[in-house]
Amino acid sequence: SLCDIAMKMNGEIYPKSAYLIVRRGLLKRQFARVPWEEVKEIDEVIIVKGDRSKIIFENKLMKFDFTLCIDILDQQIVDINNRKVVRVNDIHLLKVDNHLYLAHVDVGTRGLVRRLGWTKLVDRIVRFFSPHSSYLTQEDFISWKNTQVLTLGRVKGVLRLDVAQQKLSQIPSTDLADIMEDLDVFVKSELFKSLDVPLQRKVFTDLTIAKKIEILERLDEKEAASLIENIPADEAVDLLLKLPNRKTRQLMKLMETKTSKKFSKLLGFSRNSAGGLMTTEYLALPQNALVKDALQKVKENVYYPGSIYHIYIIDDQHRLIGTTSLRNFIHADPEIPLVATMAAHKVFVHTDDRVEKVALLLEKYKFSAIPVLNEEEVLQGVITIDDVMEELISLAWGKYKEKL
């Protein structure tokens, strides 16, 4: 009897049938493969060419690129268009020139019922209670070209195909991070490793801290250290604070000296203080800079992990003179001093100020970021509004849980 169909991954959008996999026996099952060229007719009964005695049975199932039952049915896939993880309940095949092509995967309830052989019974029940139910007419198909398989059979692993990489790279990193939230740790890790390095960094930044830790645990220490080095400093520090002290020390030893020192400094501040919230990634220029210098600075840092919308003007001792924004200087005369475009008020917080004060100042002046100074007015870092909101939500949620 037929037990599976092996498919070819030959660079085409829709995989084509390569072998029929047949089996015999109940207690001692044996398997054989029939090349598709030997298939004469396929319908309710399959007719093959040649002598049946030429079909050689073996005790173990052979290995193929992938098979429908083992590698696709019941597996998790990414719906590229809707950017979500779904489970395959059935498979839709298209017959062309006596070949079968994998056309769609069925992720609907009706597909599962059909596969179990309960279609007639369930249809009667649904028709009796709800004659106009959409269940009776709607199929939930996803075209194979709009999917990406996340697991290879019952063994965890991602299908590493060029077409898969192209598909996944089309998904924004934030959506890809949401997809990964729904996966188990093994599949999440394999999917993450299959991404190219720039996309890994973007996706990693968008993951929750708990999911970041899951990823780090399945990377070697050099990979983990490199990953943490290349995400925004404030998020890196938040992550390092959640790791065991020994793990944090090991990772920081593998980082560049400059980065390690920067993280060590940030780790010394209280979590809900301005120093604990700030990032040391910001754009600054000297007080004699011109507007054209600021425009060039922004152009050079388009992919900078920190904010490029504000530039901080500093003196020779790195003390803050003032703040200007892209909105203020983008249309200004390139030859005028940058200080002429500074905000009217010199707004800042100190490293030991509480998060509530930071939030009040950001709301009062409608800024998206605010500089952080030490007691000598030396610029230490900046805090963005999203970091403040995240901390305030965390504090509010903690107080709410205490009341429950």
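Only this structure's heavy atoms are used, side chains among them; waters, hydrogens and symmetry mates stay out.
- Side-chain atoms of Q380 never come within 3.5 Å of backbone atoms of G275 as a donor-acceptor pair (strictly under, hydrogens ignored).
- The backbone N or O of A6 sits nowhere less than 3.5 Å from a side-chain atom of T67 that would complete a donor-acceptor pair.
- Note that R23 lies outside the cation-pi zone of F31, set by a 6.0 Å cut-off to the ring centre and a 45° limit from the axis.
- Contact check for L295 versus V291: side-chain heavy atoms found under the 4.5 Å cut-off.
- The cationic atom of R24 (NZ for Lys, CZ for Arg) lies less than 6.0 Å from the six-membered ring centre of F57 and within 45° of the ring axis.
- Taking CG of D140 as the reference point, atom CG of L112 lies at 12.0 Å (rounded to 0.5 Å).
- Note that NZ of K95 is 10.5 Å distant from OG of S17, once rounded to the nearest 0.5 Å.
- Y14 OH to L94 CG: the interatomic distance, rounded to the nearest 0.5 Å, is 9.0 Å.
- Relative ring orientation between H104 and H92 is described as parallel, the plane-to-plane angle staying below 30° on a 0-90° scale split at 30° and 60°.
- Between the side chain of N328 and the main chain of T324, no donor-acceptor pair closer than 3.5 Å is present.
- Pairing each heavy atom of L239 with each of I213, the nearest pair is CD1-CG1, 3.7 Å.
- Side chain of E229 to backbone of E256: a donor-acceptor contact under 3.5 angstrom is found.
- Nearest heavy atoms, S368 versus L362: C-CD2, 4.3 Å.
- Atom OG1 in T109 sits 11.0 Å away from atom CD in E139 (nearest 0.5 Å).
- For the residue pair D315 and Q287, no side-chain donor N or O sits within less than 3.5 Å of a side-chain acceptor on the partner.
- When all heavy atoms of S130 and L136 are compared, the pair lying nearest together is O-CD1, 4.1 Å.
- A salt bridge links R114 with D106: the closest approach of a Lys/Arg side-chain nitrogen to an acidic carboxylate oxygen falls below 4.0 angstrom.
- Closest approach of L240 and I228 over heavy atoms only: CD2-CD1, 4.1 Å.
- The existence of a salt bridge linking D206 and K211 is excluded, since no basic side-chain nitrogen approaches an acidic carboxylate oxygen closer than 4.0 Å.
- Across I209 and K242, no two heavy atoms sit closer than the pair CG2-CG, 3.6 Å.
- Across all non-hydrogen atoms, the minimal contact from A233 to T279 is CB-OG1, 3.5 Å.
- If you take OH on Y309 and CG on L283, they are separated by 11.5 Å, rounding to the nearest 0.5 Å.
- The six-membered or imidazole ring of H350 lies near that of F348, with a centre-to-centre distance under 6.0 Å.
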